[in-house]
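Quick notes on the structure that follows.
Just so you know, ligand 1 is whichever comes first in the structure, and atom 1 is the first atom listed for that ligand. All values below come from the heavy atoms of this structure, side chains included, with hydrogens, waters and symmetry mates left out.
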Amino acid sequence: MQFSIKAVAAILAAITNIASVSAEGATAPEDSAVVKLTEATFKDFIANNPYVLAEFFAPWCGHCKKLGPEFASAADSLVETNPDIKLAQIDCTEDRDLCAQFDIRGYPTLKVFKGEAAPPSDYAGQRQSDSIINYMVKLTLPAVQVFDDTAVLEKTVEALAEPLVLQVLPEGVEKSSSNETFYQVADKLRESFTFGTTSDPKYVAEYAKSAKKPAYVIFRNGEDAEDASVYKGKDIDEESELLIDFIDVESKPLFGEITGATYQSYTSANIPLAYYFYSTAEERDAADPFIKKLARKYRGEINFVGLDASQFGMHAQNLNMKEEFPLFVVHDLEGNKKYGIDQSTPLDNNAIAQFVQKFKAGKLEPIVKSEPIPEVQNSTVYHLVGAEHEKVVKSGKDVFVKYYAPWCGHCKRLAPIYEELADLYEGKDVVIAEIDHTLNDVESVDIKGYPTLVLFPADGSEPIYYEDARSLEAMANFIKESGSLKIDALVDEEDEEEVKETAAAETISETTEKAETTAPAAEADAHDEL
Ligand SMILES: *[C@@H]1O[C@H](CO)[C@@H](O)[C@H](O)[C@H]1NC(C)=O
Ligand SMILES: *[C@@H]1O[C@H](CO)[C@@H](O)[C@H](O)[C@H]1NC(C)=O
């Protein structure tokens with residue numbers, strides 16, 4: 001599952017970035033507030049400034065050029081408002097040793113230094129000027145803002161740049177353990193959310209219904225205060241996970257937007273993701289009221305998002321849909337199953353509502369991507385396809401499957417050994433199979449790299465991932481030891497010794513290639529290579 005998240009996030013990030021690389025320079029202009037640091041000045045500067053955001057960069061790097069003007073503009077604005085915060089640049093083509101010392105592996109890398117005592121942390125914000133400013137200013141503030149004044153709180157709620165998680169404490173509530181938990185969670189998640197606490201009577205009356213217990217409310221940026229989410233679970237006391245899960249689910253907008261920046265947060269929420277692919281802003285606006293209504297109904301069960309097909313339309317393929325828009329598709333992330341509305345008729349609201357209802361009721365069939373089932377098997381290696389996968393791995397035989405991608409070099413090197421392995425089991429109750437994972441969806445296996453080798457024991461017990469050497473002998477031994485039929489193919493060989501030797505000679509590196517099925521060439525991060 002994870003492979004596709006990473007690959008898709010990479011595609012989305014890459015598209016976003018390439019689309020808008022500016023022609024301006026990576027190096028801040030002489031007259032900007034960005035401080036140029038070198039090996040000679042670095043240490044003292046960090047020691048003498050409480051908050052430093054340092055950009056390690058190379059002048060030629062495209063992402064650095066894009067960041068450059070944003071970084072300089074943030075520095076210029078901070079010098080006025082928060083002189084304690086400094087933005088600095090280190091040119092890694094000039095100060096190689098300094099960059100090596102911080103293990104810089106891609107450009108640009110942004111690190112936050114809070115004095116010289118603590119090690120730096122990675123900057124985890126967006127790369128726009130506003131985001132940089134917000135991120136750095138927040139570091140200087142307490143993790144939780146105390147709101148004593150109704151007007152200030154109301155103004156904050158109206159003009160949020162990110163979700164606000166508010167603790168509403170009725171006067172006299174003595175429970176300090178949940179307050180401590182709230183502060184701990186705030187400290188942990190302060191980079192992505194604003195945290196506040198209040199005992200304001202108006203808010204207490206509105207949200208802390210029981211008047212004995214604290215309430216937790218999430219106000220989302222860009223939405224009306226009436227749409228705020230109120231925590232209804234059990235006391236958080238010392239169970240910070242309860243609050244974290246609540247924030248994870250409820251901080252998302254009712255009808256959010258999928259981009260390179262948001263994709264990860266949606267997939268980590270791990271509830272089904274319902275996509276509306278649109279081609280124009282008008283199309284999205286028209287769908288907005290209806291989708292929000294649905295989203296309110298299925299809050300916490302399904303996340304609803306829009307996706308701009310003019311930019312990211314090709315993502316439809318990952319969801320087993322055709323690139324014809326608008327379209328509606330639900331991705332059940334946990335089982336990696338995709339459910340799409342039939343694209344042969346125009347999309348309408350009723351169809352969407354009914355579809356989601358059926359999805360919740362478990363009455364839909366997923367769209368399984370699959371090659372056609374071969375009419376004849378022409379090799380001892382069984383050519384498996386998505387449509388047949390579940391049937392074959394549960395066929396009452398020990399089934400050993402190789403999940404591969406056509407472009408993967410390690411897979412190609414394994415191929416001849418794998419054929420030999422299949423020959424060994426001809427006529428026995430062991431199936432040696434392979435499946436091209438780029439053309440076929442599979443359930444019940446977690447594929448993080450290619451090739452992945454998995455044994456499905458004949459007795460139907462849990463599949464076992466093969467991690468050992470990719471030699472004939474090692475694989476055959478594994479099938480004997482771990483298979484439920486305990487079939488030993490090697491003893492039957494007349495020339496066992498010879499087999500062993502060939503096997504040893506052909507043992508290959510156990511490295512697995514990254515499973516970036518959808519885009520082997522996409523960058524994993526918005527970094528240029530060193
Ligand atoms: C909540 O915890 C914080 C941090 O420990 C503390 O400063 C604050 O006084 C506590 N508030 C209440 C009402 O107990
Ligand atoms: C085996 O069949 C597949 C189609 O199922 C075909 O693509 C392939 O070329 C055949 N291989 C041989 C060796 O005949």
For this session: Take V157 and L153 through the side-chain contact (heavy atoms from CB on, under 4.5 Å) test and state the conclusion after the steps.
Result: CA-CA 6 Å; V157 168; L153 179 51; 4.2 Å; yes
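Close approach to N179 involves these atoms of ligand 1, each under 4.0 Å from a residue heavy atom: 1 (C), 2 (O), 3 (C), 8 (C), 10 (C), 11 (N), 12 (C), 14 (O). Under a 4.0 Å criterion applied to the non-hydrogen atoms of L169, ligand 1 contributes the atoms 13 (C). Below 4.0 Å from some heavy atom of E180 lie the following atoms of ligand 1, by number and element: 2 (O), 5 (O).
Between F102 and F42, a ring centre-to-centre spacing shorter than 6.0 Å is recorded.
Y403 OH to T452 OG1: the interatomic distance, rounded to the nearest 0.5 Å, is 9.0 Å.
At under 3.5 Å, not a single nitrogen or oxygen of Y183, backbone or side chain, sits near a nitrogen or oxygen of ligand 1.
More than 12 heavy atoms of other shown residues, nucleotides or ligands fall within 6.0 angstrom of atom CZ in R296.
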